[in-house]
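Contents: one structure, followed by commentary.
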Amino acid sequence: MAQNSTTNRQILLASRPVGAPTAQNFALAQPAIPVARAGQVLLRTVYLSLDPYMRGRMSDAASYAAPAALNEPMVGATVCRVAASQHPDYAEGDWVLAYTGWQDYALSDGTGLTKLDANLAHPSYALGVLGMPGFTAYMGLLDSGAPKAGETVVVAAATGAVGSVVGQIAKLKGCRVVGIAGSADKCRSAVEELGFDACIDHHSPDLAAQLEAACPQGIDVYFENVGGKVFDAVLPLLNTSARVPVCGLISQYNATALPDGPDRTPLLMRTLLSKRIHMQGFIIFDDYGHRYPEFVKDMGEWLTQGKIQFREDIVDSLENAPQAFIGLLEGKNFGKLVVRVAND
Ligand SMILES: NC(=O)c1ccc[n+]([C@@H]2O[C@H](COP(=O)([O-])OP(=O)(O)OC[C@H]3O[C@@H](n4cnc5c(N)ncnc54)[C@H](OP(=O)(O)O)[C@@H]3O)[C@@H](O)[C@H]2O)c1
């Protein structure tokens, strides 16, 4: 069913997954569209962002953010249009960045809304290169990773929302950039379209040997997006004083137990000590929210100058959000995953 003006399609979190999420963890509800009262706006979703952190919200394990509530719409950032306004600061038709979740319509009193330029060529970029993922790449690389010209930067999930921007900023800073991605096609894109120096498919049986060959001077910055076997291949190649911004560990998000095999913590600790490696986890808005204006300025300029390319993977219709999200955790997306909820 397409978005309409009588029902509010909502994708609810029906149950908490154990291991990989399935379609049964979600349910479709279709209540009536709410009505804006004094001081409120009614928002109509045009784009919904799908992001790896949502797997964490589906769980009630202790984390840096509260879990999504059962039988409520799944949480998520959206680009919306104001469908009706009883709020002095908003008019019908305005574009806003919001956090209204997996549904067609939601009410807001204006808290947390960001007005978007009505003439944006790509309003959905507010969920990607000009939004949270782009900001994550920018701060994680430039502040925590602190790359210097001539150094080697490695990033996995290299064609994704964060990784693709990390690699391109590192190129702008004069680094050698090696990507790691999940298919030959993604690797080709990282080199030919994003300008990386090399890219390796993490499904290759000789991942470690290929990575070593692509990094003849070792690795100075490893931007960690995935963990697991990719990190195992990276660890021996880290140079003295390497920086490792720990942004995400997507290969572990569906795990229900620690990985098989020997405990590698002693090897990690010995490497951190002997090579004096700076390894830093960060949560983008908690740690860097105050620096958002710097990012908006720099990224806006780079995009205008054509220095950053950004690929979106657009999925049509809200009902397809669960399957698309399940695919994100399996590497099925190619670029920033966005659901086009309405055809504005
Ligand atoms: N710390 C923060 O504040 C923050 C903010 C935003 C994002 N993040 C993290 O940044 C990372 C990238 O996020 P994103 O939004 O840019 O997602 P994305 O890269 O657009 O999509 C996820 C990608 O992860 C890779 N992947 C999925 N399962 C994998 C597995 N088992 N092993 C290896 N790779 C796997 C796949 O790429 P391939 O097919 O290429 O492997 C998939 O396309 C995630 O870990 C996310 O949690 C952190």
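Counting starts at 1 for both ligands and their atoms, following the listed order. It should be emphasised that the depicted structure is a prediction, and the values quoted were computed from it without experimental measurement.
Between Lys171 and Asp197, at least one side-chain N (NZ, or NE/NH1/NH2) sits under 4.0 Å from a carboxylate O, which counts as a salt bridge. Under 4.0 Å is where a charged nitrogen must lie from a carboxylate oxygen, and between Lys115 and Asp94 at least one such pair does. One finds a salt bridge joining Arg291 and Asp143 here, because a Lys/Arg side-chain nitrogen approaches an Asp/Glu carboxylate oxygen to under 4.0 Å. With salt bridges taken as basic N to acidic carboxylate O contacts below 4.0 Å, one links Asp60 and Arg16. No salt bridge links Glu92 with Arg44; every basic N to acidic carboxylate O contact stays at or beyond 4.0 Å. With respect to Lys336 and Asp313, no salt bridge is recorded, no charged nitrogen being found less than 4.0 Å from a carboxylate O. Checked for salt-bridge contact, Glu193 and Arg188 meet the test: a charged N lies under 4.0 Å from a carboxylate O.
Which of Val230, Ile250, Leu50, Leu127 comes nearest to atom 26 (N) of ligand 1 through a heavy atom is settled by distance: it is Ile250. Of the listed residues (Gly134, Gly182, Gly140), the one carrying the non-hydrogen atom nearest atom 40 (O) of ligand 1 is Gly182. Looking at Gly248, Cys247, Pro52, Ala161 and measuring to atom 8 (N) of ligand 1, the nearest heavy atom belongs to Cys247. Checking Gly335, Gly160, Cys199, Gly163 against atom 19 (O) of ligand 1, the nearest heavy atom belongs to Gly160. Within the set Val226, Asn333, Asp201, the minimum heavy-atom distance to atom 34 (N) of ligand 1 is found for Val226. Of the candidates Asn225, Asp313, Asp185, Asn225 brings a heavy atom nearest to atom 45 (O) of ligand 1.
Given atom 6 (C) of ligand 1, the protein heavy atom at minimum distance is Met132 SD, 3.4 Å. At the shortest separation from atom 47 (O) of ligand 1 among protein heavy atoms lies Tyr253 OH, 2.7 Å. Annotation: atom 16 (O) of ligand 1 to nearest protein heavy atom, Val162 N, 2.7 Å. The protein non-hydrogen atom at the shortest distance from atom 36 (C) of ligand 1 is Gly331 CA, 3.5 Å. Scanning the protein for heavy atoms near atom 32 (N) of ligand 1, the closest one is Ser251 CB, 3.4 Å. The closest protein non-hydrogen atom to atom 41 (O) of ligand 1 is His202 NE2, 2.6 Å. Looking only at protein heavy atoms, the nearest one to atom 23 (C) of ligand 1 is Ala157 CB, 4.0 Å. For atom 28 (N) of ligand 1, the closest non-hydrogen atom of the protein is Leu329 O, 3.3 Å.
When heavy-atom distances to ligand 1 are checked against a 4.0 Å cut-off, Lys186 comes that close only through its side chain, counted from C-beta outward. Contact annotation for Pro133 and ligand 1: no heavy atom of the residue comes within less than 4.0 Å of the ligand. Under 4.0 angstrom from ligand 1, there are no non-hydrogen atoms of Phe334. For Thr136, every heavy-atom contact with ligand 1 shorter than 4.0 Å involves the side chain, none the backbone. When non-hydrogen atoms are compared, ligand 1 lies under 4.0 Å from neither the backbone nor the side chain of Leu337.
Applying the 6.0 Å contact sphere to CD of Gln323 captures no more than 12 heavy atoms from other residues, nucleotides or ligands. Counting heavy-atom neighbours within 6.0 Å of Gln252 CD, excluding the residue itself, gives a total above 12.
In this structure, Arg81 contributes its side chain and Gly93 its backbone to a donor-acceptor pair below 3.5 Å. The closest donor-acceptor contact from the side chain of Trp102 to the backbone of Val75 lies under 3.5 Å.
Screening Tyr288, Phe282, Phe285 for a ring-ring contact (aromatic ring centres under 6.0 Å, His included) involving Phe135 leaves a single residue, Phe285.
An N or O contact shorter than 3.5 Å links Ile284 to ligand 1 by distance.
Stacking of Arg311 on the aromatic ring of Phe334 is recorded, both the 6.0 Å distance cut-off and the 45° axial limit being met.
Lys332 does not count as a contact of ligand 1, since none of its heavy atoms falls under 4.0 Å from the ligand. Using a 4.0 Å cutoff on heavy atoms, Ile283 counts as a contact of ligand 1.
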